[in-house]
Number of protein chains: 2
Amino acid sequence: MGRPPTNTKLRLLETAHELIWRNSYGAVSVDGICEKANVKKGSFYHYFPSKADLAIASIDWWMTNTIPFLDDIFSPSRHPMDRFTLLIDFIYEKQEDMRIEFGQVCGCPFITLGSELAAQDEIIGAKISAITQQKMNYYENALRDMIAMGLIDENTDVKLKAEEIYAFITGNMMLARIKNDLKFMKKSLKPSLMNLIGVDLTPADLKKLTI
Amino acid sequence: MGRPPTNTKLRLLETAHELIWRNSYGAVSVDGICEKANVKKGSFYHYFPSKADLAIASIDWWMTNTIPFLDDIFSPSRHPMDRFTLLIDFIYEKQEDMRIEFGQVCGCPFITLGSELAAQDEIIGAKISAITQQKMNYYENALRDMIAMGLIDENTDVKLKAEEIYAFITGNMMLARIKNDLKFMKKSLKPSLMNLIGVDLTPADLKKLTI
DNA sequence: TAGGTATTTGACTAAACAGTCAAATAAAGA
DNA sequence: TCTTTATTTGACTGTTTAGTCAAATACCTA
């Protein structure tokens, strides 16, 4: 009974996510989101109590969308080194797509938003921290498999190493956004990451890791 | 002849820098900066043509302030490993000071602002990219000394390694800001960085690198 | 077809926003 | 003391902002 649900809420989530990712939270207005999503302001506030709530919801929605991809990339059926190289491919391809479509390398939406708002809104800080932890769990899992396979030093502190990996990838995405340039990510991120992880590769193997 | 200069412009630069660093560009208003700096709005626009111009000027001013510290830390008279450990000390102490004073780990002001505005304003993107390069030059210089001293592999690509170092430190500062937490930076950043650089250290030496 | 309910609409507010300007003021030098 | 010049002031504008609300609408079910 009653009027059936529409895709309005989803359109707002998608639009907000895209605009905030491409620009910033502060540079995007509720009016701007509504216009792009073809939604009237009254509808906006029917679905979301505030602009900040939409931002948080859009982050949740994007992470929920991302998990199946991470589950695929970090499938235990894959060789653990392939998981990391596939992760970099996945990241690079998305960044390159956006650069082509919007003329702008956009970096990581979670980190960009978190950096902007963490100091003002501790809910968003906690949310992004949780996502960070969630991603590091995939890394830890893969690192343990690498130890089991004798690919890296068995004394590796996997929690620490996972944090290093996350910080390294994050830093590179941030710099790619600021420079609006994917050269480093394309040419060097994979071999640099393998070196950070502590995998021993021949120079010939390293060369193959350019995207 | 004429009325002598005052410190009004400097007060605006300092205040803008602090407020934008602690919060974000979008969350800070011209009115807010003026109030905190005890400057009337008319004076603001006497010194700066726009809010964006002030932000750029405050970044320049902060980098100019920072250079003497970097020159000291990266003095060729120091052992190159000490340069990097001192750099981490320098970063950590500033972050800890701000955490105590403002209750917030603030991260890197250049990167935070760059990440927020790079997509909207390419002048600021270019400015932050230049600062990034400037910092990496210090790293490269130290890395070359490390090669000369036989501390790291003589085939190390110093340009690449400097980029890795910068991305790694940047990523860690960003995560510290988002989590509002300096634990990783205090406990693990130094040894992780040494490992990334490729210095061979005994476990005992590594332990000493906690701040 | 009537009743119930979620959705949509557009006009509305009040505050905050960046930016303007002419006039007032303070100090140094002639 | 008068001129010159940089600085300061405060009142002003027009726009954009997030958020409100009562009424209208669409559609499902009984």
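Every chain is numbered from 1 and lettered A, B, ... according to where its sequence line falls, protein lines coming before strand lines.
In the model, B/Glu163 has no side-chain atom that pairs as donor or acceptor with a side-chain atom of A/Ser188 under 3.5 Å.
A donor N or O paired with an acceptor N or O is found under 3.5 Å between the base of C/dG19 and the side-chain atoms of B/Lys41.
Under 4.0 Å is where a charged nitrogen must lie from a carboxylate oxygen, and between B/Lys183 and B/Asp181 at least one such pair does.
Listed by first then second residue, pairs satisfying salt bridge (Lys or Arg N to Asp or Glu O under 4.0 Å) with a partner in residues 97-108 of chain B read B/Glu96-B/Arg99, not counting sequence neighbours.
Remark: A/Ala162 engages A/Met136, A/Tyr139, A/Glu140, A/Leu143 in a side chain to side chain contact (heavy atoms under 4.5 Å, CB included) (not counting sequence neighbours). For B/Asn65, the side chain to side chain donor-acceptor pair (under 3.5 Å) criterion is met by no residue, not counting sequence neighbours.
Here A/Ser43 lies in heavy-atom contact (under 4.0 Å) with a base.
Of the residues in residues 44-51 of chain A, A/Tyr45, A/Ser50, A/Lys51 come within less than 4.0 Å of DNA chain D through at least one heavy atom, sorted by number. Contacts between residues 9-32 of chain B and DNA chain D, defined by a heavy-atom separation under 4.0 Å, are absent.
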Let me check something: any side-chain donor-acceptor pairs from residues 109-116 of chain A under 3.5 Å, sequence neighbours excluded? List them with distances.
residue  : atom : partner  : partner atom : Å
A/Thr112 : OG1  : A/Cys108 : O            : 2.8
A/Glu116 : OE1  : A/Tyr25  : N            : 2.9
A/Glu116 : OE2  : A/Gly26  : N            : 2.8

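The shortest distance between the side-chain N/O atoms of B/Thr8 and the OP1/OP2 oxygens of D/dT8 is below 4.0 Å. The phosphate of D/dA6 has neither OP1 nor OP2 within less than 4.0 Å of any side-chain N or O from B/Thr6.
For the pair B/Lys40 NZ and D/dC12 P, the interatomic distance rounds to 16 Å; values are reported in whole Å. Between the P atom of D/dT9 and the CD atom of B/Glu35 lies a distance of 14 Å, rounded to the nearest Å. As a whole-Å value, the separation of B/Asp53 CG from C/dA18 C1' is 13 Å.
Both the sub-6.0 Å distance and the 45° axial angle are satisfied by A/Arg22 relative to the ring of A/Phe102.
Taking the six-membered ring for Trp and thresholds of 30 and 60 degrees, A/Tyr138 and A/Phe74 have ring planes inclined between 30 and 60 degrees apart.
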